[in-house]
**Q** 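Shown below is the structure under consideration.
On a predicted model such as this, the values are computed, not experimentally measured, just so you know.
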Protein chains: 2
Amino acid sequence: MLDGRDKKIIDYLQRDAAVPVADLADTVGLSVSACWRRIKNLEDSGLIARRVVLVDRRKANVAMTVFVAVRTSRHSIGWLDTFREVIGAIPEIVEAYRLTGEMDYLLRLVVPSVEVYDTVYKELISKLDFMDVSSFISMEELKFTTAVPMNYI
Amino acid sequence: MLDGRDKKIIDYLQRDAAVPVADLADTVGLSVSACWRRIKNLEDSGLIARRVVLVDRRKANVAMTVFVAVRTSRHSIGWLDTFREVIGAIPEIVEAYRLTGEMDYLLRLVVPSVEVYDTVYKELISKLDFMDVSSFISMEELKFTTAVPMNYI
DNA sequence: TCTGAAAGCCGAGCTCA
DNA sequence: TGAGCTCGGCTTTCAGA
């Protein structure tokens, strides 16, 4: 269903989607039309979900990353729905996961400074009750990629 | 330096970079040429770093997210360099941060299953010494966006 | 069925008023 | 800065493997 060339195409486009089809065709060893058709198929199938631009976080003045681990005492669907709504509306929260283990939820925030983080923190706790909130400030981003491995398909 | 329209343009492109310039110009209330020039400037300035495709994780068979918090006893530059190298070479590790507080590093992994996670885990501990490794499996992704807030620029 | 060549056409990229 | 032209490159068509 998906051969090595398809994987190569996705691998490439996950890193750079601004490349002309002709160049990409060249690197994977296909003609322009064949390569274009494969890209089209990958988009139609939904494997390639969308195209976006990635912003330089430093230049956008949100260089600081903070992880927030929260625990709640309210384990209900209603609480979760509200939580989802609240974090969805806060643009500084870029990732949120419900976890196994001692911490219930893990959030990743991008902010300009500790001061702004504190504002977001206050906004968060003003809207929802938490049993425990722990913050971890990132000193260094060692790796960040939007490219997922193509070995498992 | 950067007005409301520029921010609108980036906000839009962070969600969908496949939109034709003419459509985008329309939504932000600009002529095509003006809009195109602004996009060009944003790219040249580096604020828009690059364009990528985002892959549907379920369809790519890497639906499972695992967080790995690690502590090390080796606090040296050499160790950090090796660590960086090792995590850079493992495609399942999509994010890695050096943190303040009790956990030294936090990794985010995307894998098909617990079995595969175990393989990656073994690969990791075979290459580096850790004092402590804790895994947190994500039950649900509540939010994930590559779009950063444009309020701070 | 998937390929590559080649034509057609749309829109990005540039010129000018 | 906005209108309009130009042309590169996306998209389609068609024949062959």
Side-chain angles (χ1 to χ4, degrees), chain A residues 1-61 145-153, chain B residues 1-62 145-148 150-153:
Chain A
M1 194 74 190
L2 206 72
D3 68 1
R5 278 175 172 158
D6 288 309
K7 292 181 191 175
K8 259 192 174 178
I9 288 171
I10 298 186
D11 259 334
Y12 202 103
L13 290 177
Q14 281 195 115
R15 265 119 197 140
D16 177 18
V19 65
V21 180
D23 293 8
L24 186 53
D26 221 42
T27 52
V28 298
L30 276 169
S31 71
V32 177
S33 6
C35 184
W36 180 84
R37 265 191 302 266
R38 279 167 186 258
I39 296 171
K40 184 83 166 45
N41 287 338
L42 293 168
E43 279 168 345
D44 291 346
S45 73
L47 184 55
I48 291 180
R50 57 209 180 97
R51 288 163 182 266
V52 297
V53 302
L54 298 183
V55 164
D56 185 311
R57 267 178 41 212
R58 294 189 181 211
K59 288 179 176 156
N61 192 28
T145 178
T146 54
V148 302
M150 279 294 128
N151 319 321
Y152 302 110
I153 197 171
Chain B
M1 194 74 191
L2 207 72
D3 68 1
R5 278 173 172 157
D6 287 310
K7 292 180 190 175
K8 259 193 174 178
I9 289 172
I10 298 186
D11 260 333
Y12 201 103
L13 290 177
Q14 281 195 114
R15 266 122 197 134
D16 177 18
V19 66
V21 179
D23 293 8
L24 185 54
D26 221 41
T27 52
V28 298
L30 277 169
S31 71
V32 178
S33 359
C35 185
W36 180 81
R37 265 192 298 265
R38 278 167 187 257
I39 296 171
K40 184 82 166 48
N41 287 338
L42 293 167
E43 279 169 344
D44 291 346
S45 73
L47 184 55
I48 291 179
R50 56 207 180 98
R51 290 162 183 265
V52 297
V53 302
L54 298 183
V55 164
D56 185 311
R57 266 177 41 210
R58 292 187 184 215
K59 288 178 177 157
N61 192 29
V62 284
T145 177
T146 55
V148 302
M150 279 294 125
N151 319 321
Y152 302 111
I153 195 171

**Q** What does B:Leu30 touch in the nucleic acid at a heavy-atom separation under 4.0 angstrom: a base, only the sugar-phosphate, or nothing?
**A**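 The answer is nothing, as B:Leu30 stays clear of every strand by at least 4.0 Å.
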
**Q** For the side chain of A:Pro20, counting heavy atoms from C-beta on, which of D:dC10, D:dT13, D:dG2 is nearest?
**A**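 Nearest nucleotide to the side chain: D:dC10.
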
**Q** Would you mind classifying the nucleic acid contact of B:Arg38 as base, sugar-phosphate or nothing, using non-hydrogen atoms under 4.0 angstrom?
**A**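 Nothing, no heavy atom under 4.0 Å.
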
**Q** Starting at CG of B:Leu13 and ending at C1' of C:dA12, how long is that distance when rounded to a whole Å?
**A**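 Atom CG in B:Leu13 sits about 14 Å away from atom C1' in C:dA12.
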
**Q** Using whole Å, report how far CG of A:Leu42 lies from C1' of C:dC2.
**A**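 In whole Å, C:dC2 C1' and A:Leu42 CG are 15 Å from each other.
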
**Q** Can you confirm whether more than 12 heavy atoms, excluding those of B:Lys8, are under 6.0 Å from its NZ atom?
**A**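 Atom NZ in B:Lys8 is not crowded, with 12 or fewer foreign heavy atoms closer than 6.0 Å.
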
**Q** Can you check the A:Asn41 CG to C:dT3 P distance for me, whole Å?
**A**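 The answer, rounded to whole Å, is 10 Å.
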
**Q** Would you indicate which nucleotide in D:dT12, C:dT15, C:dT3 comes nearest to any side-chain atom of A:Ala34?
**A**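 My answer, after comparing the listed nucleotides, is C:dT3.
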
**Q** Any salt bridge between B:Asp11 and B:Arg15, counting N to O under 4.0 Å?
**A**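 Salt bridge between B:Asp11 and B:Arg15, a charged N being under 4.0 Å from a carboxylate O: yes.
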
**Q** Less than 4.0 angstrom between a side-chain N/O of A:Trp36 and OP1 or OP2 of D:dC10, yes or no?
**A**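 Checking D:dC10 against A:Trp36, no side-chain N or O comes under 4.0 Å of OP1 or OP2.
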
**Q** Kindly point out which of C:dA12, C:dG4, D:dG2 is positioned nearest to the side chain of B:Val21?
**A**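 Looking only at side-chain atoms, B:Val21 lies closest to C:dA12.
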
**Q** Answer yes when A:Asp3 and A:Arg38 have at least one side-chain N-carboxylate O distance shorter than 4.0 Å, and no when they do not.
**A**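 Yes, charged N to carboxylate O under 4.0 Å.
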
**Q** Can you measure from CG (B:Asp6) to CD1 (B:Ile153) and round to the nearest 0.5 angstrom?
**A**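 Reported to 0.5 Å precision, the distance equals 9.5 Å.
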
**Q** Could you say whether B:Val32 or A:Val19 is positioned toward the 5' end of DNA chain D, judged by the nucleotide with the nearest heavy atom to each?
**A**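 Final value for this comparison: B:Val32.
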
**Q** When only distance counts, do a donor and an acceptor, one from the side chain of B:Ser33 and one from the base of D:dA3, lie under 3.5 Å apart?
**A**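 Side chain to base: pair found, below 3.5 Å.
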
**Q** To the nearest 0.5 Å, how far apart are CZ in B:Arg50 and CG in A:Asp56?
**A**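 Nearest 0.5 Å value for the CZ-CG distance: 10.5 Å.
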
**Q** Using atom NZ of B:Lys40 as one end and atom C1' of C:dG13 as the other, report the distance to the nearest whole Å.
**A**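 After rounding, the reported distance stands at 9 Å.
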
**Q** Which whole-number value in Å describes the distance from A:Asp6 CG to C:dT1 P?
**A**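 The distance from CG of A:Asp6 to P of C:dT1 comes to 17 Å, rounded to the nearest Å.
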
**Q** Using whole Å, what does the distance between atom P of nucleotide D:dT1 and atom CD1 of B:Ile39 come to?
**A**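 After rounding, the gap between these two atoms is 15 Å.
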
**Q** Expressed in angstrom and rounded to an integer, what is the separation of B:Arg37 atom CZ from C:dA12 atom C1'?
**A**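 Between C1' of C:dA12 and CZ of B:Arg37: 13 Å.
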
